[in-house]
Amino acid sequence: MEFEKIKNALKKKEGERTKIRGWIYRKRKSGKIIFVVIRDSTGIIQVIIEKNKVTEKEFADAKKALIESSVEVEGIIHEDERAPGGREIHATAFNVVGFAEEFPITEYQSVEFLLDNRHLWLRSRKMTETMKLKAYMLRFIREWFDENDFWEVTPSVITMNAAEGGATVFSFDYFGQEAYLSQTAQMYLEALIFSLERVWSLTPSFRAEKSRTRRHLIEYWHLEAEEAWVRNEENMKLQEEMISYVCQNIAKKCKEQLEFVGRNPEDLMVIEPPFKRIKYRDAIKILQEKGFDIQWGDDFGAPHERALVEGEDKPIFITNFPVESKAFYMKIAPDGKTVECADMLAPEGYGEIIGGSEREEDIKSMIERLKKEGANIENYEWYFDLRRYGSVPHSGFGLGMERLLCWIAKLEHIRDATPFPRLLRRAYP
RNA sequence: GCCGGCGUAGCUUAGUCAGGUGGAGCACCCGGCUGUUAACCGGGCGGUCACCGGUUCAAAUCCGGUCGCCGGCGCCA
């Protein structure tokens, strides 16, 4: 008989045979009967091992096998209200594949301990379902890009351009030259639109910021897209369509996972275009009316973002930030004071999930702004070339996968959106 | 970078204010139990009280320093 997944075993009828394998999730014993709950990637099921139904060795092994021992079980399905899930297996054979040592994680755990034992905590059901949601998100994003004529490309994460900030990049020795870990693939994607027109990529991005919040990772998975012949407004349209596509598919196809992490699928079903657009200067007014001490030119902090999405059940765009507060590559608007950009803020105070903009085509303007930042212009020559050889209007955006997952899976901390979080004081395991 | 909190058994913690032989629950081991659901009952194992120094007859406890971690803010995506 072939092994089957626990999810399938749970669908079988009274009296049918089954054969499963997995890890011991819970165990209780009582003299001549042992209750073992087995876990695999698809779910959990209770197994009953009675002394007179299996061999003496099998019973003795079942008795001494600790939590997380790996096992193979063959038996008969019985419907029983007392079993979690309503069905259980009465074992006719029980084989321990690998005896587990005493598992360090027990019922009481602290955040610190779980982070130290991340490699083991990943076995928890909450982490398992969260990782599945992330995989589904990626699947639906890929589907959406495929259906919208985008090419997936693979830029480098090693770069000589210190890109944005400057102080917040990780540098390392590249055979005698100083090189950096990428903070964004954007400029490389811009180079690729001149042949492929619409491109997207998924790469790790690194930020050496000493941020210590529930929204920041040192290393995160950065989804970026770049589109030729697209201006800021159409760029926003693409973003809201993609986000809506992902949310609705997750809501329809991942009910089990959503329920497990405490997110009502209805919250995601209502996500559909268009998303509200608010100009930066109007956002400032709204915040002032709400009593914040903020004026033109100030950046939004977490409390401001929360206030702006208050009462919204869909994400919103904040557009046209002041030139000074945004990067050199964003196109300056006709008013000369703002740039053609849009930040997408998730509802419920989850903060910025997408930052996008139309790209500047005027080389002089970019040089001016780069100089103000104190950047080394020579490193950008190749980037300026893109404007010299048949430039076109183009736009793009970047999305933090973990931030999107935080919102979708209603996570309290971004570290749980990735299996091995890199945090300010933690890169182990 | 700033503010706050924490560090006692493998884990979660009481004890610190007010100095005087460090207790408990879980896990694990042994025994009992044929329907458990965080099983239960009896017994057992388990401690450099983060580290260094000081005060004191006596320090987990008081004082000084160091290290580690957590939460928030700022910065940022």
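Here is the naming used below: chain letters follow the sequence lines, and residue numbers restart at 1 for every chain.
Using a 4.0 Å heavy-atom criterion, one finds that A:Asp299 contacts the sugar-phosphate atoms exclusively. Using a 4.0 Å heavy-atom criterion, one finds that A:Leu217 contacts the bases of the nucleic acid, with or without backbone contacts as well. Looking at heavy-atom distances under 4.0 Å, A:Ile353 makes no contact with the nucleic acid at all. If you check every strand for non-hydrogen atoms under 4.0 Å, A:Glu81 touches nothing. Within the 4.0 angstrom heavy-atom criterion, base atoms lie near A:Asn52. Using a 4.0 Å heavy-atom criterion, one finds that A:Arg214 contacts the sugar-phosphate atoms exclusively. Within 4.0 Å (heavy atoms only), A:Ile354 reaches no atom of the nucleic acid at all. Residue-level contact check: A:His78 touches neither bases nor backbone, having no heavy atom under 4.0 Å from any strand.
Candidate nucleotides B:C73, B:G71, B:C69 were compared by shortest atom distance to the side chain of A:Arg415, and B:G71 ranks first. Of all nucleotides listed (B:G71, B:U36, B:C75), B:U36 comes nearest to the side chain of A:Phe35. Candidate nucleotides B:A77, B:G35, B:C75 were compared by shortest atom distance to the side chain of A:Thr213, and B:C75 ranks first. Out of B:C75, B:G35, B:G74, the shortest distance to the side chain of A:Ile48 is found at B:G35. When distances run from any side-chain atom of A:Lys32 to the nucleotides B:G71, B:U34, B:C76, the shortest one goes to B:U34. Here B:C69 is the nucleotide among B:C69, B:U36, B:C33 with the atom lying nearest to any side-chain atom of A:Arg426.
Residue A:Phe170 qualifies as enclosed at atom CZ: its count of foreign heavy atoms under 6.0 Å is above 12.
Here A:Phe103 does not pack flat against the base of B:A27, since the 5.5 angstrom centre distance and 30 degree tilt limits are not both met.
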What are the atom names and distances for every N/O pair under 3.5 Å that joins the protein to nucleotides 9-12 of chain B?
unit_1 : atom_1 : unit_2   : atom_2 : d
B:C11  : O2'    : A:Tyr108 : O      : 2.3
B:U12  : OP1    : A:Ser110 : N      : 3.3
B:U12  : OP1    : A:Ser110 : OG     : 2.2

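In this model, a side-chain donor or acceptor of A:Arg212 finds a partner on the base of B:G71 within 3.5 Å.
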Pairs under 3.5 Å (Watson-Crick or G-U), crossing ones as [ ], inter-strand ones as |: RNA chain B comes out as ((((((((.[[[[.)....(..]]]].(((((.......))))).....[[[[[..)....]]]]])))))))....

